[in-house]
Q: 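Please find one structure pasted underneath; my questions will follow.
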Amino acid sequence: MCGIIGIIGVEPVAGRLVEALKRLEYRGYDSAGVATLERGSISRRRAEGKLNNLAARLESDPLGGTIGIGHTRWATHGGPTENNAHPHATAKVAVVHNGIIENFRELLADLATDGYLPKSQTDTEVVALLVTRELDNGLGPEDAVAATLKQIRGAFGLAFLFAGEEEMLIAARKGSPLAIGFGKTEMFLGSDAFALAPFTNSIAYLEEGDWAVVTPKGAVIRDFEGNPVERPRTTSSASALLVEKGNHRHFMAKEIFEQPETITHTLTHYVDMAEEAVALKDRLPFDFAELPRLTISACGTGYLAGLVSKYWFERYARLPVDVDVASEFRYREPPLDRGGVALFISQSGETADTLAALRYCAAHGQSLASIVNVPESTIARESDVVFPTLCGPEVAVASTKATTAQLTILAALSIAAGEARGHLDRAKAHELVRALVELPSAVSRALSSEGDMERIAKRLSKAKDVLYLGRGALYPIALEGALKLKEISYIHAEGYAAGELKHGPIALVDEAMPVIVVAPSDELVEKTLSNMQEVSARGGKIILITDEQGAETVGHGVADIIIMPKVHPFVAPILSLIPVQLLAYHTAVMMGTDVDQPRNLAKSVTVE
Ligand code: F6R
């Protein structure tokens with residue numbers, strides 16, 4: 001997760017930009033840079049590696065100027081070299097960027113026809129070139145940015161500095177957080193309030209699609225359509241806490257909304273974004289091509305992530321997968337062929353049952369792989385290979401951002417397995433990786449339908465029981481929807497494979513029972529339609545989670561529809577987590593429960 005900082009100051013800013021970037025080090029990075037205006041012209045200093053290298057560069061070659069932007073880069077497109085480090089600049093504009101510009105190739109090709117050529121391998125530079133072309137065509141900075149934002153697709157946080165504009169920065173947010181800091185005589189931009197803590201605690205957060213023109217007088221914020229909007233100014237307590245809630249009421253909401261960023265961050269560790277190919281950083285202690293079977297154990301939400309991956313590994317890699325709840329696996333004494341591979345999924349890396357399952361597998365000659373969020377945890381230490389989820393600390397007890405990161409890794413591993421086993425050719429693998437690369441922006445769009453979830457949560461909060469249905473890889477998402485709802489709202493909920501409905505649970509359906517159907521358009525959606533008709537015929541009230549196409553095919557006669565962006569069916573289970581997380585969250589808020597620390601639950605379950 002890259003870090004962004006901007007200052008419109010009254011004294012030289014280069015040193016303070018680096019100071020603020022140091023507070024963003026926790027986000028992880030592999031190069032850094034700053035740009036300021038010296039007598040109206042853009043000047044930059046950039047360096048590979050840690051901020052000390054940038055500080056040393058600035059010491060030997062100081063940078064003047066009282067306005068500037070800075071960046072810590074976590075390499076996505078192009079290696080972590082000085083030339084790829086941000087800010088990217090032309091003579092007219094400098095830009096720093098967090099996220100992914102999905103359509104940068106097409107845009108670069110178009111720019112090239114007008115003679116605008118990149119000097120780096122990044123996706124970011126296209127933004128600087130697009131703004132420059134608009135400026136060259138006679139637009140002012142604001143209009144040039146507005147025109148550019150309409151052309152780029154993806155998930156991003158952006159900050160712009162313009163030659164000759166000593167009192168203006170522009171910022172834009174779609175998927176990656178950005179905060180505006182209000183000083184007494186100065187103004188600031190930052191990826192979070194923590195970066196701004198030494199300068200100010202008066203903060204306004206940009207919302208999805210917002211962009212802002214920041215001057216010493218304040219900030220004019222507009223939504224994506226260009227309409228002026230007001231965003232509340234809050235007083236941040238970030239100086240005291242590294243982990244804080246930002247502008248969210250609960251950590252769970254903050255963690256749900258971080259997902260475009262946390263998915264991107266995790267993805268860049270497993271995928272070469274420029275090549276759009278899976279590129280695992282560590283050598284595997286096993287060969288997917290030789291594997292007869294993969295054994296997965298985990299608990300709770302981690303188990304459900306494993307269940308989704310079974311559909312992927314079996315379909316795309318023809319690799320048989322056993323997925324077990326770890327507490328069952330450990331006592332079942334399953335026979336394991338020597339030389340097999342066992343995979344454990346755990347946010348905390350400390351869950352007692354998962355650890356016991358791992359030790360059972362170790363004693364039975366398995367190669368041990370784990371997906372964990374806490375790199376120094378016991379499960380990580382006892383594994384032969386660790387696939388880290390790179391989403392930062394998860395504070396809310398109910399897991400959200402760790403789950404989407406786990407699934408991102410499992411998706412990348414299933415592509416790697418498919419290629420190694422000869423079941424995915426390059427074109428198909430490319431298609432699946434592309435779907436993953438496009439996921440963060442789809443997640444960001446899905447998050448913007450939060451209002452629908454709030455409205456529907458009002459109804460759910462009155463229900464005694466709720467049923468979730470899904471088919472194929474969406475079946476585990478139905479299970480997860482029910483798990484999330486029960487754990488934080490205390491409403492009884494069940495998840496079922498849609499086809500199982502008629503084998504028992506249909507007896508529960510009546511007018512009082514909301515039935516949430518997770519059915520994006522795919523090859524199985526018509527089958528789910530029959531199950532929905534079985535529910536409607538018994539007076540059940542269906543809440544359908546689908547996309548535009550799905551709504552046309554199966555959306556008739558339902559009580560409510562939540563429309564998600566259309567994505568490749570491969571990544572639809574990950575995207576579909578967003579509405580089920582938000583539904584559970586808003587229902588719990590309406591019920592007035594302790595959302596972040598629900599009763600009887602612990603974040604790390606280190607007992608049997
Ligand atoms: C559900 C949830 C739990 C955990 C489970 C395993 O929201 O958070 O079900 O998934 O306790 O925990 P980890 O992943 O730490 O092993």
Side-chain angles (χ1 to χ4, degrees), residues 250-256 258-259 262 266 296-309 323-330 342-359 361 368-383 386-410 468 476-491 493-495 574 577-578 580-585 587-588 593-608:
H250 300 98
F251 280 109
M252 184 175 175
K254 172 175 175 267
E255 288 159 5
I256 289 174
E258 276 174 350
Q259 292 177 106
T262 50
T266 301
I296 300 181
S297 316
C299 299
T301 291
Y303 162 71
L304 300 176
L307 220 47
V308 172
S309 78
V323 191
D324 267 290
V325 170
S327 55
E328 288 299 312
F329 178 88
R330 63 183 290 192
L343 174 65
F344 306 89
I345 305 168
S346 175
Q347 188 285 131
S348 63
E350 300 295 347
T351 302
D353 286 318
T354 310
L355 183 58
L358 177 144
R359 288 177 177 159
C361 290
L368 309 174
S370 63
I371 296 178
V372 294
N373 195 39
V374 182
E376 58 282 359
S377 62
T378 314
I379 289 176
R381 281 186 276 114
E382 295 192 17
S383 297
V386 178
F387 302 111
T389 45
L390 301 167
C391 45
E394 191 178 63
V395 177
V397 164
S399 188
T400 54
K401 63 176 180 172
T403 319
T404 44
Q406 288 162 354
L407 283 170
T408 300
I409 296 172
L410 288 161
Y468 286 75
I477 305 308
L479 293 172
E480 172 65 359
L483 175 63
K484 279 284 153 306
L485 189 71
K486 61 190 151 201
E487 69 178 328
I488 59 170
S489 75
Y490 317 146
I491 294 172
E494 301 277 353
I574 313 183
L577 281 172
I578 304 302
V580 300
Q581 292 170 350
L582 283 171
L583 277 179
Y585 171 73
T587 308
T593 59
D594 186 347
V595 173
D596 284 336
Q597 292 184 336
R599 69 185 182 204
N600 309 338
L601 294 177
K603 186 68 186 157
S604 179
V605 187
T606 52
V607 292
E608 261 195 63

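Bear in mind that the values here come from a model prediction, so they are computed numbers and not experimental data. Indexing begins at 1, ligand by ligand and atom by atom, following the structure's order.
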Q: Is ligand 1 less than 4.0 angstrom away from at least one heavy atom of Val397?
A: yes
Q: When you look for heavy atoms under 4.0 Å from ligand 1, do you find them on the side chain of Glu350, its backbone, both, or neither?
A: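 Neither part.
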Q: What protein heavy atom sits nearest atom 7 (O) of ligand 1, and how far away is it?
A: Glu487 OE2, 2.4 Å
Q: Report the nearest protein non-hydrogen atom to atom 16 (O) of ligand 1: residue, atom name, distance rounded to 0.1 Å.
A: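 Of every protein heavy atom, Thr351 OG1, 2.4 Å lies nearest to atom 16 (O) of ligand 1.
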Q: Please determine, by modelled atom types, if Thr400 and Gln259 share a side-chain donor-acceptor pair under 3.5 angstrom.
A: no
Q: Students should be able to answer this: which protein heavy-atom is nearest to atom 11 (O) of ligand 1, and at what distance?
A: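 The closest one turns out to be Val605 CG2, 4.1 Å.
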Q: Among protein heavy atoms, which lies nearest atom 14 (O) of ligand 1, and at what distance?
A: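 Heavy-atom neighbour on the protein nearest atom 14 (O) of ligand 1: Gln347 N, 2.7 Å.
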Q: How far is atom 5 (C) of ligand 1 from its nearest protein heavy atom, and which residue and atom is that?
A: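 Nearest neighbour among protein heavy atoms for atom 5 (C) of ligand 1, to 0.1 Å: Cys299 O, 3.7 Å.
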Q: Hey, is CD on Glu494 packed in by over 12 heavy atoms from elsewhere, all under 6.0 Å?
A: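 Above 12, so yes.
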Q: Considering only heavy atoms of Ser346, which atoms of ligand 1 have at least one such atom less than 4.0 Å away?
A: 13 (P), 14 (O), 15 (O), 16 (O)
Q: Main chain of Ile574, side chain of Thr404: is a donor-acceptor contact present, judged purely on distance under 3.5 Å?
A: no
Q: Starting from atom 2 (C) of ligand 1, find the nearest protein heavy-atom neighbour and note its residue, name and distance.
A: Thr301 OG1, 3.8 Å
Q: I'd like to check the side chain to side chain contact (heavy atoms under 4.5 Å, CB included) partners of Ala478; sequence neighbours left out, ordered by chain and number.
A: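 Scan of Ala478 (side chain to side chain contact (heavy atoms under 4.5 Å, CB included), adjacent residues dropped) gives Tyr468.
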Q: Any idea which protein heavy atom is nearest atom 15 (O) of ligand 1, and the distance to it?
A: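 Here the nearest protein heavy atom works out to Ser348 OG, 2.6 Å.
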Q: For residues 296-306, please give each side-chain donor-acceptor pair under 3.5 Å, one per line with the distance, not counting sequence neighbours.
A:
unit_1: Thr301; atom_1: OG1; unit_2: Glu480; atom_2: OE1; d: 3.1
unit_1: Thr301; atom_1: OG1; unit_2: Glu480; atom_2: OE2; d: 3.4
unit_1: Thr301; atom_1: OG1; unit_2: Lys484; atom_2: NZ; d: 3.2

